[in-house]
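Below, read A as the first sequence line, B as the second, and so on, with proteins coming before strands; counting in each chain starts at 1. Because the structure is predicted, anything quoted here is derived from the model rather than measured.
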Amino acid sequence: MSRGPELIITEKDNAARRIAEILSGGSATAERKNDVNVYKWGGKRCIGLSGHVVGVDFPPEYSDWRDVEPVELIDAPVRKTPTQEGIVSALRTLARNASRVTIATDYDREGELIGKEAYELVREVNEDAPIDRVRFSSITENEVREAFADPDDLDFDLAAAGEARQVIDLTWGAALTRFLSLSARQLGNDFISVGRVQGPTLKLIVDREREIRAFDPEAYWELFGDLSKTGGDPFEAQYFLENDRGNEAERVWDEAVAGTLTEALAAADDAVVDDVRRRTRTDEPPTPFNTTAYIRAAGSLGYSAQRAMSIAEELYTAGYVTYPRTDNTVYPDDLEPRELLEELSGDVAFGDDAASLLDRDDGEIEPTEGDEETTDHPPIHPTGDLPGASDLSDDEREVYELIVRRFLATCAPAAEWERLRVVALANGEATAIANEADPLAALRNPDDAEGTPELAADGGLRLKANGKRLLEAGYHEVYPYRSSDERIVPDVEVGETLSLSGRRTEAKETQPPRRYGQSRLIEEMEKRGVGTKATRHRTLEKLYDRGYVEGDPPRPTRLAESVVEAAEGFAEHVVSEEMTAQLERDMQAIAAGEKGYDEVTAASRELLDRVFEDLTESREAIGDQLQESLKADKTLGPCPECGSDLLVRQSRAGSYFVGCDGYPDCEYTLPLPSTGKPLILDEACDDHDLHHVKMLAGRKTFVHGCPRCKADEADEAEDEVIGACPDCGTGAASPRDEGGETADAGGELAIKRLRSGSRLVGCTRYPDCDYSLPLPRRGEIEVTEETCEEHDLPHLRVHSGDEPWELGCPICNYREFRAREEGSELQTVEGIGERTAEKLEGAGITGVDELKSADPDDLAGDVDGVGPDTVRDWQAKAD
DNA sequence: GCAAGGTC
C-alpha cells in the first residue's frame with residue numbers, strides 16, 4: 001500500500017478551504033493545480049470539486065439529430081464522461097499516490113452521487129487506498145471534527161438512485177425534445193424542448209392561462225360609509241349581512257337589491273353601535289430563510305428570481321452570507337445566535353437593531369424554526385463577517401441587509417396586535433327601506449354551492465369596521481419588510497351613536513385568478529416537489545429562453561400552449577408532476593435496497609416506448625400545430641398591401657421590425673422602437689386590426705401601441721422649428737467637415753416625430769446633417785416663451801401625468817443627461833454603488849477614465865470614508 | 001444542439 005498523503009475531496013472549493021482551515025487549525029496553505037485550489041497541511045491534501053465533474057450523455061454516433069430517429073435514444077447506451085477536465089486530472093494526480101481518501105461532499109442525495117463519481121475517478125488510478133465518507137450538515141468546527149473522527153462508507157444505493165434519475169431525465173428529455181423539434185422542423189437555436197421539470201412547470205403556467213381565459217366575470221355591489229364619533233376622525237365601514245351560520249357576506253349579487261340598499265343607506269344620518277369585539281392576536285416572527293423563502297422576500301423588493309440568486313451567490317463567495325442553496329429552515333445546534341448578534345452589532349445600518357435584541361430583559365434568545373429540517377446546508381444567514389462601506393454595490397447591500405434582518409427577525413420576539421371590530425346599525429328610515437329589499441338575493445353568491453342560508457333574526461342595515469393596532473412591535477422593529485400598518489378604529493361603546501357620511505355604492509366584478517409571478521411559481525414548484533432549490537429559478541429562465549413565456553409575470557406563448565397540448569395528448573407523463581413523484585418513490589426504493597437501478601430504468605424505458613408508439617403516428621399533425629403556433633406568436637395582423645400576415649421579424653443586425661409574410665413578393669415594412677424586445681399584446685387596433693406591441697426593456701419597458709398608427713402619426717406630424725442648428729445653422733462657429741461643406745448651411749433645429757415612435761430635436765437638413773438631441777417618449781411637448789441664453793433655444797415643457805415638468809433647453813437637458821450617464825458609468829466598477837458614485841461625483845470624478853487617472857491619496861482625502869487602498873482597488877478593477 | 005442536477 002502506498003504511504004502517500006491522505007486526500008480529502010469536497011463538493012466545492014469553498015467547503016475545501018474551510019474544512020482545511022478547521023482540520024489544520026489554520027495552518028493549511030493553498031496551491032494551484034490545473035487552476036484548482038489544493039489545500040495542504042501535514043500529510044493531508046484537500047481538493048474541492050465543482051459539483052458534478054462528470055456528465056451523462058449518449059455516445060457521439062447518436063449526436064446528429066437528423067440521422068438518428070428520436071425513438072432510438074430510448075435504448076441508446078448512456079456514458080459518463082469528464083466535463084471538468086482540469087479538476088478531473090488534478091484529482092487523478094492527487095489520488096494516484098494517496099494512502100487514504102475521504103469523500104466529504106454535501107450531505108444529500110446529489111452529494112452522494114458526486115461522491116461516487118469521485119470514488120470512481122480515484123479507483124481508476126488507485127486500487128488500494130481505503131475510501132471513506134464523512135457527513136455533516138454545516139461546516140463548523142464541531143460538526144467537521146466529529147464527522148472526521150468517525151468516518152462512514154459511501155452509500156452506493158443512494159448514489160444509484162441519483163444515477164437512475166440522470167438516465168431517466170436524459171432519455172425522456174432528449175428523445176421527446178428531438179421528436180418535437182424535428183416534427184416542427186425547428187433545428188437551430190430554436191429547438192422545442194420538454195423535460196420532467198420544465199414540462200409540469202409550463203403546464204402550471206398554461207393551465208392558469210386557461211382558467212383566466214375561461215373566466216366569466218360576475219357583477220356585484222359593495223356599500224360603504226364613513227362613521228365618526230362627535231368631533232372624531234371618520235373611519236370606513238362596510239355594509240354586510242350575516243346568516244344564522246355566522247357567515248358574513250359583503251357582496252350584493254343583485255342590482256335591484258343594491259339599489260334599494262343604496263336608498264336605505266342614503267336615508268340614514270347616523271348609526272348606533274350594536275357590537276364591539278376586541279381581541280389580541282400574536283404575530284409570530286418569520287422562520288429562517290431557505291432558498292425559496294429568500295427568493296420570495298427578495299422578489300417583494302423588486303428582484304427577479306435570477307437576480308436574487310446571483311446576488312446571494314456573490315455575497316456567499318465574498319464570505320458575508322452562508323450557502324444560498326438550501327432547503328433547511330432550522331438553524332443548526334452549532335449556531336450561537338448571541339455571538340452572531342454581537343458581531344452584527346458593529347454595522348452602521350443594522351448594528352443598533354442587532355444590539356437591541358441582545359439587550360432584551362428576558363435574556364433568552366430562541367430563534368424560530370420552520371417546518372423543513374434537512375441535512376444539506378444551514379438556512380441562509382449572515383456569517384458575521386461584515387462588508388466594508390464600499391465592498392458592496394447598492395443592490396448587494398440591500399439584499400445583504402435583507403438577509404441580516406431576516407436573521408434578526410428570527411431571533412426577535414413576536415408582535416402583538418389588537419383587533420377591534422365594530423358593528424353599527426344604520427338609523428332612521430334605513431331599516432324600513434332595507435327590509436323592503438329581498439335580502440336573500442343580496443346574500444346569494446352564485447358560487448356558493450351550499451345553497452341559500454337562513455337569515456339572521458334582525459333585519460335592518462348593518463355596517464362593520466375592522467381596526468388593528470400594533471400593541472407590541474416585536475420583530476417588526478428589526479424587520480421592516482412586512483407591513484405593520486395600523487387601521488385605526490376608535491374606541492366606541494355599545495349604544496353609542498355615530499354620525500354617518502360619505503355613503504357610496506361601488507359596482508364591481510369578480511376577477512379572474514391572477515397569473516403566477518416568478519416567486520409564486522417557484523413556491524408552487526417547491527410545493528409540488530418539482531425541481532430543486534438550485535434549479536427552480538433556472539428552469540424559469542429556460543422557459544423564457546425557449547420562447548415559452550414572455551413578460552413578468554410570465555405569460556405563456558402560443559407555442560407553449562401547443563407544446564403542453566401535444567404532451568397532454570401523447571406524453572401526459574412528461575407534463576405531469578406525477579412523473580417526479582413516481583421517480584421520487586423509485587429513488588427511495590433504490591436507496592432502501594428494495595428496487596434495483598436496472599429495474600427502475602428499464603420500466604421507465606418501457607413507458608417511454610409506449611409513448612412513442614402513439615406519438616410517431618401523429619408526427620405530422622403535431623408538427624403542423626407547433627409551426628402554426630410559432631407563426632401566431634409573431635403575427636400582428638393583416639398586411640395593408642397584400643393581405644398576408646404582418647410578422648415581427650429581426651434584422652441581421654439584431655433590431656426588430658415588422659415585415660410581411662409575403663416577402664419577397666411584398667416588401668411592406670414598419671419600424672419598431674430600437675429599445676427592448678417586442679411583446680405582442682392581446683389588445684388590437686380598431687383601425688388597422690393590428691395587435692398592439694409592448695417593448696420589454698426592464699425598467700424602461702413601455703407600450704408602443706399599434707406600429708401602423710405610430711408610423712402614420714409621424715408621417716402626418718409637422719416638424720416644429722425651434723431655432724438654428726448648432727452644427728450647420730446661422731451663427732454656427734466652425735466648418736463642419738473637410739468635405740468642403742461649411743457652417744451656416746441654413747440648418748434649423750426642429751422637434752421631429754419618427755416612424756418608430758420616438759421623438760427628437762434634430763436638424764432639418766437631415767441626413768446631410770445628423771445633429772440630434774433625445775426627447776422623452778411620453779407626453780405633449782410645449783415650446784415655452786422662455787429662452788436659454790447660452791444656446792438661444794426655447795425651454796420645453798412636457799405634459800405627461802398630472803403635473804407638467806420642465807425639460808428646459810434641449811441642449812442643456814442632454815448635457816445633464818450625459819453627465820448622469822457618466823456618473824452611473826462609475827457604477828460599472830465592482831464595489832462602486834450609487835451612493836459611492838455620488839460621493840465621487842462630489843469630488844469631481846464623473847467617469848471611469850477620471851477615476852483611473854486620479855491620485856489615490858488625494859482622492860481618498862476628498863471622499864468621506866474611503867481610504868487610498870480602496871481607491872487603488874477600484875482602479876485595478878476598472879482596468 | 002436534447003434533460004436535470006451540481007457549482008462559478
Just the rounded figure in Å: distance from [atom2] of [N] to [atom1] of [X].
X        : N     : atom1 : atom2 : result
A:Leu543 : B:dA4 : CG    : P     : 9 Å
A:Glu110 : B:dA3 : CD    : P     : 17 Å
A:Asp13  : B:dC8 : CG    : C1'   : 10 Å
A:Leu583 : B:dG5 : CG    : P     : 9 Å
A:Leu113 : B:dG6 : CG    : C1'   : 9 Å
A:Ile192 : B:dC2 : CD1   : C1'   : 12 Å
A:Glu163 : B:dG6 : CD    : P     : 15 Å
A:Met579 : B:dA3 : CE    : C1'   : 9 Å

Look at atom CD of A:Glu61 and say whether more than 12 heavy atoms of other residues, nucleotides or ligands are closer to it than 6.0 Å.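 Yes, enclosed.
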Backbone N/O of [Y] and side chain of [X]: donor-acceptor pair under 3.5 Å:
X        : Y        : result
A:Thr291 : A:Thr326 : yes
A:Glu112 : A:Asp155 : yes
A:Ser393 : A:Glu396 : yes

On DNA chain B, check which nucleotide each of A:Asn14 and A:Gly199 is closest to and give me the residue with the more 5' one.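 Going by which nucleotide is closer to the 5' end, it is A:Gly199.
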A:Thr317 or A:Asn189: which one's nearest nucleotide on DNA chain B is closer to the 5' end?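 Final value for this comparison: A:Asn189.
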Of the candidate nucleotides [options], which contains the atom at the shortest distance from the side chain of [X]?
X        : options             : answer
A:Asp106 : B:dT7, B:dC2, B:dC8 : B:dT7
A:His52  : B:dC2, B:dC8, B:dG6 : B:dG6
A:Ala534 : B:dA3, B:dC2, B:dT7 : B:dT7
A:Lys12  : B:dG6, B:dA3, B:dT7 : B:dT7
A:Leu170 : B:dT7, B:dC2, B:dG5 : B:dC2
A:Arg165 : B:dA4, B:dG6, B:dC8 : B:dA4
A:Asp57  : B:dA4, B:dG6, B:dC2 : B:dC2

Can you list every salt bridge (Lys or Arg N to Asp or Glu O under 4.0 Å) pair that touches residues 583-609 of chain A, not counting sequence neighbours?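 As it turns out, the salt bridge (Lys or Arg N to Asp or Glu O under 4.0 Å) pairs with a partner in residues 583-609 of chain A, which skip direct neighbours, are A:Arg109-A:Glu584, A:Glu578-A:Arg585, A:Asp586-A:Lys595.
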Under 4.0 Å between a side-chain N/O of A:Arg196 and OP1 or OP2 of B:dG5, yes or no?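 True: A:Arg196 side-chain N/O within range (under 4.0 Å) of B:dG5 OP1/OP2.
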NA contact type, [X], heavy-atom cut-off 4.0 Å: base, sugar-phosphate, or nothing?
X        : value
A:Gly531 : sugar-phosphate
A:Thr177 : sugar-phosphate
A:Gln84  : base
A:Glu313 : sugar-phosphate

By salt bridge (charged side-chain N to carboxylate O under 4.0 Å, His left out), which residues pair with A:Lys677, not counting sequence neighbours?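 A:Lys677 satisfies salt bridge (charged side-chain N to carboxylate O under 4.0 Å, His left out) with no other residue.
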Pull out every residue in residues 322-330 of chain A that has a heavy atom closer than 4.0 Å to any atom of DNA chain B, ordered by number, or say none.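 Correct list: A:Tyr323, A:Arg325.
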Near DNA chain B, counting only heavy atoms under 4.0 Å, which residues of residues 62-76 of chain A show up?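 Hits under 4.0 Å, by residue number: A:Ser63, A:Asp64, A:Trp65.
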Any pair with a residue in residues 305-329 of chain A that passes ring-ring contact (aromatic ring centres under 6.0 Å, His included), sequence neighbours left out, goes on the list, sorted by first then second residue, please.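 Only A:Tyr316-A:Tyr323, A:Tyr323-A:His377 qualify under ring-ring contact (aromatic ring centres under 6.0 Å, His included).
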If you look only at pairs with a residue in residues 163-185 of chain A, which of them pass as a ring-ring contact (aromatic ring centres under 6.0 Å, His included), with sequence neighbours excluded?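 Residue pairs passing ring-ring contact (aromatic ring centres under 6.0 Å, His included), neighbours aside: A:Trp172-A:His573, A:Phe179-A:Phe612.
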When you measure from the centre of the six-membered ring of A:Tyr516, is the NZ or CZ of A:Arg208 closer than 6.0 Å and no more than 45° off the axis?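 Positive - A:Arg208 is close enough to the ring of A:Tyr516 and near enough to its axis.
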Classify the side-chain pair A:Thr201/A:Arg536 by whether it contains a donor and acceptor separated by less than 3.5 Å.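 The answer is no; no qualifying pair exists.
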Taking all non-hydrogen atoms of both residues, which atom of A:Pro554 and which atom of A:Leu521 are closest, and how far apart?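 Reported closest heavy-atom pair: CG-CD1, 3.7 Å.
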